[in-house]
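Order of the sequence lines fixes the chain letters, A, B, ..., with proteins taken first and strands second; residue numbering starts at 1 for each chain.
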Protein chains: 2
Amino acid sequence: MVKKQLIMEKSLELFAEQGFEATSVQQITERCGISKGAFYLSFKSKDELIIALIDQFMMQSVSDIDYIVRNTKDDQLLYEFYYAIYQSFHKHSDFAKVLMKEFSQTLNKELFFKMQYYDQLIEKNILTMIERLYGNSVQHTKYDLMYTIKGFMNTYAHLFVFYNVPVDLQLLAESLAEKTNLLARNATIPFVSAELIKMIQPIDEEVSKEQLIDLIGQKMEEIEEPIEKESLFLLRQQLVEPSLSPAIVNGLLENIRNNPDCKWISYLLRRYAF
Amino acid sequence: MVKKQLIMEKSLELFAEQGFEATSVQQITERCGISKGAFYLSFKSKDELIIALIDQFMMQSVSDIDYIVRNTKDDQLLYEFYYAIYQSFHKHSDFAKVLMKEFSQTLNKELFFKMQYYDQLIEKNILTMIERLYGNSVQHTKYDLMYTIKGFMNTYAHLFVFYNVPVDLQLLAESLAEKTNLLARNATIPFVSAELIKMIQPIDEEVSKEQLIDLIGQKMEEIEEPIEKESLFLLRQQLVEPSLSPAIVNGLLENIRNNPDCKWISYLLRRYAF
DNA sequence: TTGACAAATGACTATTTGGTCATTATTATA
DNA sequence: TATAATAATGACCAAATAGTCATTTGTCAA
């Protein structure tokens with residue numbers, strides 16, 4: 001549906017400029033050159049639109065981060081991690097703006113839980129990364145380290161998302177990787193304990209195999225590209241009845257990984273299925 | 001004016017719960033038990049209210065931070081700095097919530113510049129602190145360090161402002177002081193350069209002596225307490241025609257420092273006059 | 001050319017908003 | 001008590017909002 005994509009693009013621009021609440025549906029339809037009715041043919045409500053935007057971006061980001069954490073050699077991991085994050089912020093700076101503007105905590109419950117969910121997935125990835133890189137030596141400080149890394153992400157993103165200055169992303173990633181390493185190897189006083197984390201984190205529910213199969217079915221109908229389509233088909237087969245070799249499965253996952261519409265499914269498959 | 005204070009208190013609660021845009025003037029007047037007209041006797045508009053709130057809190061915070069940076073011995077400075085910040089966030093958690101929710105960048109221009117102004121004052125204090133503690137050794141990394149410190153402030157504040165968990169502020173301050181020290185002494189790869197800072201920071205204008213004299217005059221009329229009142233009177237005299245000894249001036253500044261209504265003036269006097 | 005179906009329109013509604021102002025209540029003063 | 005001054009009220013307004021729906025327009029195959 002081309003119209004839906006148009007609305008999402010234009011509204012994202014407006015939200016980044018003015019904020020979500022301050023942007024009216026009328027403004028959106030004007031910028032799209034469509035009528036008000038047409039808007040409501042694509043989205044049930046204004047809320048549904050912002051949710052669609054959040055999902056689109058967060059699914060991509062989480063998938064990308066996960067892929068990097070899983071597939072980068074230790075000695076390059078921190079650097080690649082930061083680099084990927086900031087490249088994503090840079091590429092989708094309108095979106096990053098909206099995220100930073102709106103989702104400190106306001107808006108409706110559904111959105112809040114959604115953000116918390118994605119946030120948690122990212123935290124999980126960061127923790128995996130920390131444990132792999134530093135192992136037992138950060139046993140007591142790993143949660144602090146995780147928060148620090150999240151803090152770095154936010155702080156520096158702020159710096160270049162809101163001010164349009166040219167940024168050397170490689171240098172930024174290097175600089176933050178060094179800082180992170182220093183703290184991981186030398187910090188001794190933990191503040192964020194496992195108990196604290198437990199108090200503020202709800203348990204997230206897993207995605208079931210059946211849900212995954214349904215999801216793949218839906219996506220197959222939306223998608224045009226023959227390679228991606230067949231890959232999805234085969235991966236679904238594999239879920240129902242495993243028969244392919246690991247190398248083939250891996251290849252199929254690679255096929256869909258770089259298609260924005262499939263990223264999320266490839267993430268879910270990596271994470272929950274294979 | 002008691003009513004003005006009542007409105008500020010109750011509206012702050014509502015803004016913290018629901019956000020600024022989502023809170024109507026009607027809701028505010030209901031919670032205060034006053035009429036709509038009464039609201040507009042105290043504030044010209046809803047915007048003026050939020051500006052008053054921002055000013056009240058930020059003036060206190062900036063003054064407190066400045067005082068600590070000026071009057072703490074080096075070996076305790078980082079700890080006291082973080083401790084003061086988080087104590088303030090803790091004490092004024094409703095306010096901290098509003099700040100974090102709303103002022104990532106939305107709302108009107110005036111407010112944006114106001115926040116930028118206060119932010120800059122804080123940055124200046126952090127830089128002063130860094131330079132005093134580490135001197136030339138952080139010549140190239142001091143702006144990174146400043147951003148990191150700001151990042152720490154934000155990240156950890158988030159953690160305990162939004163989740164109502166009991167927090168050991170001393171431990172938090174210790175932990176962050178250690179991290180800051182580590183980075184200051186060992187980080188070598190700068191990302192935030194002096195040029196970058198220049199690109200994103202407007203020049204702030206100084207407060208003139210005449211403005212200060214006016215300001216003190218206004219405050220003297222508002223204030224009841226005899227000690228504070230006389231101190232203000234004498235300090236104004238001193239501005240017009242210096243005649244008191246440094247010790248006396250210092251004492252007078254101390255007299256007004258802990259009165260929330262005078263904090264800002266004591267800060268301005270320290271900074272721009274004496 | 002027709003007719004059936006889907007896509008798109010925009011006038012319309014119901015509600016809410018920030019803000020005003022003629023009126024009324026309260027307090028201080030003489 | 002009478003008068004003046006100040007504080008407080010809430011009905012009212014214009015503007016804006018999200019969302020609806022009877023109507024029109026466009027696009028097919030037959």
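Nearest-nucleotide mapping onto DNA chain D: of A:Gly37 and A:Thr23, the residue sitting toward the 5' end is A:Thr23. Of the two residues contacting DNA chain D, namely B:Ala38 and A:Phe39, the nearest-nucleotide position lying further toward the 5' end is that of B:Ala38.
Among D:dA8, D:dG19, C:dT17, the nucleotide with an atom closest to any side-chain atom of B:Ser24 is C:dT17. Set against C:dT9, D:dG19, D:dT9, the side chain of B:Leu41 has D:dT9 as its closest nucleotide. Listed nucleotides: D:dT20, D:dT9, C:dA8. Nearest to the side chain of A:Tyr40: D:dT20. Of the candidate nucleotides C:dA8, D:dA8, D:dA18, D:dA18 has the atom lying nearest to any side-chain atom of A:Val25.
Using a 4.0 Å heavy-atom distance criterion, B:Lys36 is classed as a base contact.
Judged purely by distance below 3.5 Å, without hydrogens or angles, the side chains of A:Glu123 and A:Gln201 pair a donor atom with an acceptor atom.
The only member of B:Phe113, B:Tyr267, B:Phe112, B:Trp264 that meets ring pair (Phe, Tyr, Trp, His ring centres under 6.0 Å) when paired with B:Tyr118 is B:Trp264. Put simply, the residue from B:Glu13, B:Gln26, B:Glu9 that forms a side chain to side chain donor-acceptor pair (under 3.5 Å) with B:Arg31 is B:Glu13.
Ring geometry for B:Phe89 against B:Phe57 counts as parallel: the plane angle stays under 30°, on a 0 to 90° scale with 60° as the upper cut. Aromatic ring orientation, B:Phe39 versus B:Phe43: tilted (interplanar angle from 30° to 60°).
Rounded to whole Å, atom C1' of D:dA18 lies 11 Å from atom CZ of A:Phe20. Taking atom CD of B:Gln26 as the reference point, atom C1' of C:dT15 lies 12 Å away to the nearest angstrom. Note: CG (A:Leu14) to P (D:dT17) measures 12 Å, nearest angstrom. If you take NZ of B:Lys3 and P of C:dT26, they are 13 Å apart, rounded to a whole angstrom. Here C:dG18 presents its P atom at 15 Å from CZ of B:Phe43, a figure rounded to the nearest Å. When the P atom of C:dT16 is taken as reference, atom CD of B:Glu21 falls 17 Å away, rounded to whole Å. At whole-Å resolution of the value, NZ in A:Lys4 and C1' in C:dA8 are 17 Å apart. In this entry the distance linking CD of A:Glu30 with P of C:dG10 reads 11 Å, nearest Å.
An OP1 or OP2 oxygen of C:dT17 is reached within less than 4.0 angstrom by no side-chain nitrogen or oxygen of B:Lys46.
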